[in-house]
2 protein chains.
Amino acid sequence: MKQTTKKEKFFEESLKLIHEKGFKAVTMRDIAQRLDFEPANIYNYIDSKQALLELYLFDISYEFHDSLNNILKSSYSPEEKLKLIISTHIQLTAKKPYKMALLVNEWRNLKEPKLTEFTEGKKVYENKIRDVIAKGIEEGQFRSMDIEIATYSFLSSLRWIYDKYTGSESKINPFELEKQISDFIFTGMGK
Amino acid sequence: MKQTTKKEKFFEESLKLIHEKGFKAVTMRDIAQRLDFEPANIYNYIDSKQALLELYLFDISYEFHDSLNNILKSSYSPEEKLKLIISTHIQLTAKKPYKMALLVNEWRNLKEPKLTEFTEGKKVYENKIRDVIAKGIEEGQFRSMDIEIATYSFLSSLRWIYDKYTGSESKINPFELEKQISDFIFTGMGK
DNA sequence: GTCTATAATTCGATAGAC
DNA sequence: GTCTATCGAATTATAGAC
């Protein structure tokens, strides 16, 4: 059986609280209350509120960059690469939905220099996706379209997915979700 | 010529500031500084910081509901209705990008009872879109697919667009954007 | 309407005993 | 590691003179 230490519980519950109320809205007192101890105890686990946010964001951010880089290093075609990106994105989101939610909604609350570090990484990530799409259009695997808008559309199709794995509702099968999203991105809603 | 009163300037600059830094992060001092007067003066124009957020959100929210309802009352087919929704959504976003950004990112900062009022309206809006999609699948205009995921995908394809009209870059032609987004939603990226 | 001054509260973080 | 107590800073909002 998996042991849940008090420290693990702290990071787990803090993450959920930040997702629920937003980073700025959550107070150290909120966190302490949820864990049923005093605010001062929080500083046994983390140096500051900012450090907590940085920890969550750069952890999940690293995983996304890492998995993207592995896909890009392969010899798959652009279309196959995009499908792999969709697949790993959904798998990762299903595994860590709360961190993914923070990645989407809370990165603005980082402070310099971490904020710049993060946004630079974000740009790099998006440009890599953009390059795959551009290559796919060039090679005739995708239809001709505005590359920038295609990139935004592609990314926005994946960005909301955490919502299916936070809430208390029954979680959708990631493989079924992958099929649905993949079909939407490649063939759209029309017949 | 259009007259810009100090009051108009206040609402305009406050809106941009809230978009840039986030509602919780913006202080009354920030707003006063941007407008080059003292924090106390803000209360000549608005009762509280919360009231400011409510004003922006319910203003743009009403416009979206109103235009959606007009489209739904028409005798157009589901596919034509979705195209009109895309069209009016982009037009409205191009006209009021900063309020649209708040609609997407800041509604969580509403307090009860306004928060519930807002989220109920959001649900109603999304369910109406969902019904159009369901009808379109039923009538065979759209391919068979998971209705809930289709609805999320459709909405997420429109949600990021404010980003093209805030920033300082050259604004994209709304009609061109409409064509690109519409093609993505109905035919996807594939050939 | 604009200012100075400040009330009232809240928050992140620390000190220090046990 | 957990507590009590509290500091120091920041914030919304108000009072009241001009």
Side-chain angles (χ1 to χ4, degrees), chain A residues 2-58 102 105-115 118, chain B residues 2-58 102 105-115 118:
Chain A
K2 194 194 160 193
Q3 186 82 9
T4 304
T5 68
K6 202 151 192 176
K7 186 169 181 172
E8 285 168 348
K9 199 88 184 158
F10 161 74
F11 285 110
E12 200 177 302
E13 292 300 321
S14 298
L15 174 59
K16 287 185 185 175
L17 251 181
I18 292 173
H19 165 62
E20 287 165 20
K21 303 185 63 173
F23 177 73
K24 283 266 183 188
V26 170
T27 68
M28 298 308 232
R29 286 166 178 80
D30 289 333
I31 295 173
Q33 190 172 30
R34 166 97 60 143
L35 293 162
D36 205 32
F37 59 35
E38 298 305 312
N41 295 12
I42 292 171
Y43 297 91
N44 293 329
Y45 305 127
I46 195 83
D47 285 339
S48 71
K49 200 183 168 191
Q50 282 296 324
L52 196 57
L53 181 63
E54 292 164 11
L55 190 77
Y56 294 135
L57 288 183
F58 284 96
L102 261 54
N105 298 312
E106 304 294 344
W107 61 266
R108 291 161 189 270
N109 293 309
L110 288 171
K111 286 184 181 172
E112 297 296 358
K114 294 287 181 183
L115 178 59
F118 182 88
Chain B
K2 194 190 161 197
Q3 186 81 9
T4 303
T5 68
K6 202 151 191 176
K7 186 169 181 172
E8 284 168 348
K9 199 88 186 161
F10 162 74
F11 284 110
E12 201 178 300
E13 292 299 323
S14 298
L15 173 59
K16 288 185 183 175
L17 211 47
I18 292 173
H19 165 63
E20 288 164 21
K21 302 185 62 172
F23 177 73
K24 283 267 182 186
V26 170
T27 68
M28 297 309 228
R29 285 170 177 76
D30 290 334
I31 296 173
Q33 191 173 30
R34 167 99 70 156
L35 293 162
D36 205 34
F37 60 36
E38 298 305 312
N41 294 12
I42 293 171
Y43 298 90
N44 292 330
Y45 305 126
I46 195 82
D47 284 342
S48 70
K49 199 183 166 189
Q50 282 296 322
L52 195 57
L53 182 63
E54 291 164 11
L55 189 78
Y56 293 135
L57 288 183
F58 284 97
L102 260 55
N105 298 313
E106 304 294 343
W107 61 266
R108 292 161 189 270
N109 293 308
L110 287 171
K111 287 184 180 172
E112 297 296 358
K114 294 287 179 181
L115 179 59
F118 182 89

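Order of the sequence lines sets the chain letters (A, B, ...), proteins ahead of strands, with each chain counted from 1. The structure presented is a predicted model; accordingly, all values stated were derived computationally and were not measured.
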Practice task
Could you check if a side-chain atom of B/Glu54 sits within less than 4.5 angstrom of a side-chain atom of B/Leu110, using non-hydrogen atoms only?
Solution key: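 Side chain of B/Glu54 against side chain of B/Leu110, heavy atoms only: contact under 4.5 Å found.
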Exercise for the section: Determine whether B/Leu52 and B/Ile18 make a side-chain contact, defined as any pair of heavy atoms from C-beta on separated by less than 4.5 Å. Expected result: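 Answer yes - side chains close enough.
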Nearest of [options] to any side-chain atom of [X]?
X       : options               : answer
B/Phe37 : C/dG12, C/dC3, D/dT2  : C/dC3
B/Ala40 : C/dG1, C/dC3, C/dA15  : C/dC3
B/Arg29 : D/dT12, C/dG1, C/dC3  : D/dT12
B/Ser48 : D/dA13, D/dT6, C/dC3  : D/dA13
A/Glu38 : C/dC11, D/dT4, D/dA13 : D/dT4

I need the [atom1]-[atom2] distance between [X] and [N], as an integer number of Å.
X        : N      : atom1 : atom2 : answer
A/Leu52  : C/dA13 : CG    : C1'   : 14 Å
A/Met28  : D/dA10 : CE    : P     : 17 Å
A/Ile42  : D/dT4  : CD1   : P     : 14 Å
A/Asn41  : C/dA13 : CG    : P     : 15 Å
A/Ile18  : C/dG12 : CD1   : P     : 11 Å
A/Asn44  : C/dG16 : CG    : C1'   : 14 Å
A/Lys6   : D/dC3  : NZ    : C1'   : 12 Å
B/Lys111 : C/dT10 : NZ    : C1'   : 11 Å

Exercise for the section: Looking at every strand, decide which applies to B/Tyr43 at a 4.0 Å heavy-atom threshold: base, sugar-phosphate, or nothing. Expected result: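 If one applies the 4.0 Å heavy-atom cut-off, B/Tyr43 turns out to touch a base.
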Practice task
Using a 4.0 Å heavy-atom cut-off across all strands, classify B/Tyr45 as base, sugar-phosphate, or nothing.
Solution key: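 Answer is sugar-phosphate: B/Tyr45 comes under 4.0 Å of backbone atoms only.
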Exercise for the section: Count the heavy atoms belonging to other residues, nucleotides or ligands that lie under 6.0 Å from CD of A/Gln33, then report whether that count exceeds 12. Expected result: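 12 or below, so no.
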Exercise for the section: For the pair A/Phe118 and A/Trp107, name the ring-plane relationship: parallel under 30°, tilted 30 to 60°, perpendicular over 60°. Expected result: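 Geometry flag for A/Trp107 against A/Phe118: parallel rings.
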Exercise for the section: Would you confirm whether B/Lys114, through its side chain, and B/Phe58, through its main-chain N or O, come within 3.5 Å as a donor-acceptor pair? Expected result: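 Pair absent, no side-chain N/O of B/Lys114 close to backbone of B/Phe58.
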